[in-house]
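The sequence lines fix the lettering, A, B, ..., with proteins before strands; numbering per chain opens at 1. Every heavy atom of this structure was used, including side-chain atoms; hydrogens, water molecules and symmetry mates were not.
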Amino acid sequence: MQNFIRDIIEADLESGKHTTVVTRFPPEPNGYLHIGHAKAICVDFGLAQAFGGRCHLRMDDTNPDAEDVEYVEAIQRDVRWLGFEWGEPMYFASDYYERLYEHAVHLIRIGKAYVCSLTEDAMREHRGSLTEPGKPSPYRSRSVEENLDLFARMRAGEFAEGAHVVRLRGDMAAANMKLRDPAIYRIKRAPHYRTGDAWCIYPLYDYTHCLSDAFEGITHSICTLEFENNRDLYDWVLAQYEVSDVASPGTVPCRPRQIEFARLNLTYTMMSKRKLLQLVEEKRVQGWDDPRMPTLAGMRRRGFTPESIRAFCDLIGVAKNNSLVDVGKLEFCIRDDLNRRAPRAMCVLDPLEVELVDLPVALSSLAAPSFPAELELDGTRRLPVSERVFVEREDFADPPPARWHRLSPGAVVRLRHLGLVRCEEVERGADGAVQKLRCRYLGADEATAGTKAKGTLHWVSAQDALDIEVRIYDRLFDVEEPESLDQLNPRSLVVISNAKLEPSVAGAVAGASFQFERHGYFCVDPDSSTERLVFNRTVTLRDGWAKEEPRAREHDARPESREATRPEEQTRAPSVADLEGPVRARAEALVSAHGVSEAVAIVLASDATLLDLVEAAFTAGASGKAATLVANLVAGDLRARLSGTRGPLGFGGRELAELGGLVAAGTVTGAVAREVLGRLVEKGGSPADLVRELGATTLGQDALVLLIDEVLAAHPDEVARYRAGKTALLGFFVGQLMRRARGKADAKAAEELLRERLG
RNA sequence: UGGGGAAUCGUCUAACGGCAGGACGCAGGAUUCUGAUUCCUGUUAUCUAGGUUCGAAUCCUAGUUCCCCAACCA
């Protein structure tokens, strides 16, 4: 699968910037991994795999308050389960504490960090706001010696929490708030789950992460969009160190590049770690591995396979758009996977007793394939048969709605694998509720039964059925984009304690998946015991009837929809008359004297350098068509090429005028002119010489015809499609021609000829 | 009132300035002992307005909408 990160890596490999690829997946062990992390894992590990590189697993554990070994172990389990190997060793930011400390000392030594003793509130005030610059901390000017001493004493535990922090000496006026002297070390008297009481100062993310990446030789540090603002800081910190293989507090082994992509959002799913923790802590769910949780542990328990999750991650792609993925795509992936691996079984969730009359006595059991024939998978199981069976209560209706394929008085249906039956009697209780059906067995197939069945129903033999518990899970939240825990779906779990399952499934182990035919995919929950199986519903089958039912029930149409009328927002095209000051006159002259469009004139008017340049070209002789051409070229192409860095230009009005003249005279095409302009920007020179060098004068008629023949010969399929009516291909042919001609063909003439040729 | 990002079918995602493609969904149809699966067929999109160009999703200008940034979290 192609995405923009792959493009970047491919370019880096091609250019020789890198010869191998090293990525990393850096979770903080303060919670369980969820489906959003799965996307990140697939990106990080997947990219490394695709390029034959490595992907490190690193615990980003710099905050002792929230982190725990339980989470470390869960993370390892989940990454492995998803199907990725990180090899040796596993990395921990906490392993770098000493080295990070020394690297911070280096920053202090070179005057790029200082100890600040402002309170947290005071620091916030000094930081300014999004629109106002910050003020420097009064402690910013402490001497290197004092800073060194203070930092050492912070480490030694001489100060209370909050008394001091170490900050970078960034830029308090920076538009990017991250650069306004961010803190990199704080005092925290909390034991760390790995380093115990060894430290009472802990490094912060922006400082730790980039250095950890660099220590490990990470080439591409891939993270999510919300870190875009942190990238400047990431680069800033690394820039304070020499790149060298010699490990020292002033060096770093490499300069990784941070690349951001959009994190996963899923409909009906809460992805915030904080909120998930809250669900667990407030016991709104039964734990991190509750099958309703979007955690990998929960999804595993629910019956998702690692393959299905990886397929999902492939399906949704990697880009920078903030997107909200329909959870239906996930469901598609798990159905698609389980269809091929889950053996079929019959399970009645809401039993309705049926007495079968005329059942042949010899028919005490039958063999049924575990998979439908078209899957071509082996396996059979035995289905016991008896005169009392259970069918699904909702498979009987009286009266039946339109297009009903199931049981109703007098209806003939097939009992899967067993044969056809006709419903002949309905027993009702005093309240009118159906208690029992009596159906006549008609034969094993339509031929022997002498009639056709509308539908096929699942069933189980009453005396042989296993009593099981089934947990019917539905989405945890009611709304597409849940924001609060008030939006929990009260019916996210429905427990059915008296479901009837065919006996062949007895002995299934926890985690095993089955398709309960016509219901969905279910897997054995670890809560199962030898006496009683417990199943989780992973996902339903696609249900065509569920979609059709409402329509069948209500013939009364409900048409009438008024489409939304979009309020017309009309933006008026700007005019040179809106300009002010002396540029207005100059812009007006462009329009009136040189045939330049207002839009182009306005662009030029906004940039003094460009305006001067164009006017210089006029002075140098560009007039008429050439003048317009020059103005357009400068406002469009040149502006684009110059955006960002702009040094002195290696050419001026004279060259532009010359170029414009060449085009106006028909000596070169517009495409070539743009090409020449590019060269002019790069290394200057004379347009006429450049054109000569490039051999770029416009092709004559004969050459053009020759090329057209080549193009048509090279693309017979397209020619056929064009002649079949796909005239949009004309542009394609012109494009092919231009490529072959390297821009030297007169497109207008070519189009004309092409049209003739193609008839 | 700053800075950084992003806008393409209902959804997700592609397209050196040259055929707007794929997947999911949806709608029809075929096959079917799961109203499943499978297989056809169809459906629908370049945020707006200008400009440049033979040709713009792509380049330029202006605008609109959405996301992120002011933890001693990551």
- Nearest-Å distance, CG (Leu179(A)) to P (G2(B))? 19 Å
- Note on the structure: With the side chain defined as heavy atoms from C-beta on, Leu541(A) is closest, among C69(B), G35(B), U34(B), to U34(B)
- Would you say Lys547(A) reaches C26(B)'s phosphate, i.e. side-chain N/O to OP1/OP2 under 4.0 Å? yes
- Any donor-acceptor pair under 3.5 Å joining the side chain of Glu718(A) to the base of C19(B)? yes
- Message: Say we look at A7(B) and A14(B): how far apart would their P atoms be, to the nearest angstrom?
- Response: 9 Å
- Query: Base, sugar-phosphate, or nothing for Leu324(A), non-hydrogen atoms under 4.0 angstrom?
  - Reply: sugar-phosphate
- Note on the structure: Per atom distances to the Arg416(A) side chain, the nearest of A70(B), C33(B), G55(B) is C33(B)
- Task: Round to a whole Å and report the spacing from CG of Leu730(A) to C1' of G55(B).
- Result: 10 Å
- Scanning all shown strands, the Watson-Crick or wobble mate of U37(B) with both distances under 3.5 Å is none
- Message: Does any part of the side chain of His37(A), heavy atoms only, come nearer than 4.5 Å to the side chain of Phe25(A), both counted from C-beta?
- Response: yes
- Message: Could you check whether any side-chain heavy atom of Arg263(A) comes within less than 4.5 Å of a side-chain heavy atom of Lys39(A), counting everything from C-beta outward?
- Response: no
- How many Å lie between OH on Tyr205(A) and P on C73(B), as a whole number? 15 Å
- Classify the nucleic acid contact of Gly670(A) as base, sugar-phosphate or nothing, counting any heavy atom under 4.0 Å across all strands shown. nothing
- Nearest whole angstrom, please: distance from the C1' of A36(B) to the CD1 of Ile334(A). 15 Å
- Message: I want to verify the glycosidic state of A57(B); is it syn or anti under the 90° rule?
- Response: anti
- N or O in side chain of Arg518(A) less than 4.0 angstrom from G35(B) OP1/OP2: yes
- Any Asn176(A) side-chain nitrogen or oxygen under 4.0 Å from OP1 or OP2 of G2(B): no
- Side chain of Lys329(A) only, please: which of U11(B), A74(B), A71(B) is the nearest? U11(B)
- Message: What is the distance, to the nearest angstrom, from the CZ atom on Arg406(A) to the C1' atom on A36(B)?
- Response: 12 Å
- Message: Does C73(B) have OP1 or OP2 under 4.0 Å away from a side-chain N or O of Arg186(A)?
- Response: yes
- Query: So which nucleotide does A45(B) pair with, by the Watson-Crick or G-U wobble rule with both distances under 3.5 Å?
  - Reply: none
- Query: Would Leu457(A) and Arg414(A) satisfy side-chain contact (heavy atoms from CB on, under 4.5 Å), going step by step from the backbone distance to the final call?
  - Reply: CA-CA 6 Å; Leu457(A) 270 41; Arg414(A) 181 192 302 277; over 6 Å; no
- Item | Length of the line joining Ile187(A):CD1 and C73(B):P, which is rounded to integer Å | 12 Å
- Message: Heavy atoms only, 4.0 Å cut-off, all strands: where does Met738(A) land among base, sugar-phosphate and nothing?
- Response: base
- Between G18(B) (P) and Leu729(A) (CG): distance, integer Å: 14 Å
- Message: I'd like the P distance from C39(B) over to A23(B), given in whole Å.
- Response: 11 Å
- Phosphate-side-chain proximity, Arg403(A) and G35(B), N/O vs OP1/OP2 below 4.0 Å: no
- Task: Taking the side chain as every heavy atom from C-beta outward, state whether Phe516(A) and Tyr521(A) have any atom pair closer than 4.5 Å.
- Result: no
- Message: Counting only side-chain heavy atoms from C-beta out, which of G35(B), U37(B), C33(B) sits nearest to Glu548(A)?
- Response: G35(B)
- Message: Strictly by Watson-Crick or wobble contacts shorter than 3.5 Å, is anything paired with C59(B), and which nucleotide is it?
- Response: G51(B)
- Message: So for atom CD, which belongs to Glu752(A), do other residues, nucleotides or ligands contribute more than 12 heavy atoms lying within a distance under 6.0 Å?
- Response: no
- Item | Side-chain donor/acceptor of Glu132(A) to base of U1(B), under 3.5 Å | no
- Query: Knowing that exactly one of Arg416(A), Arg344(A), Glu392(A) qualifies, which makes a side-chain hydrogen bond (donor to acceptor under 3.5 Å, both in side chains) with His458(A)?
  - Reply: Glu392(A)
- Message: Quick check for you: among U52(B), U1(B), G35(B), whose closest atom lies nearest to any side-chain atom of Trp404(A)?
- Response: G35(B)
- Inspect the surroundings of CZ in Arg742(A) and state if more than 12 heavy atoms from other residues, nucleotides or ligands are less than 6.0 Å away. no
- Query: Looking at Thr267(A), does any N or O in its side chain come under 4.0 Å of the phosphate oxygens OP1/OP2 on U11(B)?
  - Reply: no
- Task: Starting from C1' on A6(B), measure out to CD on Glu226(A) and report it in whole angstrom.
- Result: 14 Å
- Under 4.0 angstrom between Arg740(A) side-chain N/O and G18(B) OP1 or OP2: no
- Student check: side-chain heavy atoms of Tyr114(A) and Val166(A) closer than 4.5 Å: no
- Note on the structure: Considering only heavy side-chain atoms of Asp336(A), the closest of A20(B), U38(B), A36(B) is U38(B)
- Would you say A71(B) has OP1 or OP2 under 4.0 Å from some side-chain N or O of Arg124(A)? yes
- Note on the structure: Phe227(A) has its side chain closest, among U34(B), C54(B), A74(B), to A74(B)
- Using a cut-off of 4.0 Å on non-hydrogen atoms, how would the nucleic acid contact of Ile602(A) be classed: base, sugar-phosphate, or nothing? nothing
- Message: Base, sugar-phosphate or nothing for Ser323(A)? Non-hydrogen atoms, less than 4.0 Å.
- Response: sugar-phosphate
- Minimum-distance nucleotide to Asn321(A) side chain [options: A7(B), U52(B), G35(B)]: A7(B)
- Task: Between C73(B), C12(B), A71(B), spot the one nearest the side chain of Lys188(A), thanks.
- Result: C73(B)
- Mind checking Arg335(A) for me? I need base, sugar-phosphate or nothing, with any heavy atom below 4.0 Å counting as a touch. nothing
- Task: Scan Glu260(A) against the nucleic acid and name what it touches under 4.0 Å (heavy atoms): base, sugar-phosphate only, or nothing.
- Result: nothing
- Query: In Watson-Crick or G-U wobble terms, both distances under 3.5 Å, what is the partner of A6(B)?
  - Reply: U65(B)
- Task: Could you tell me whether the side chain of Phe332(A) reaches within less than 4.5 Å of the side chain of Asp326(A), counting heavy atoms only?
- Result: no
- Message: If you only use heavy atoms from C-beta on, which nucleotide in A74(B), A20(B), C69(B) is closest to the side chain of Asn229(A)?
- Response: C69(B)
- Query: Within the structure, does a side-chain N or O atom of Arg542(A) lie under 4.0 Å from either OP1 or OP2 of C24(B)?
  - Reply: no
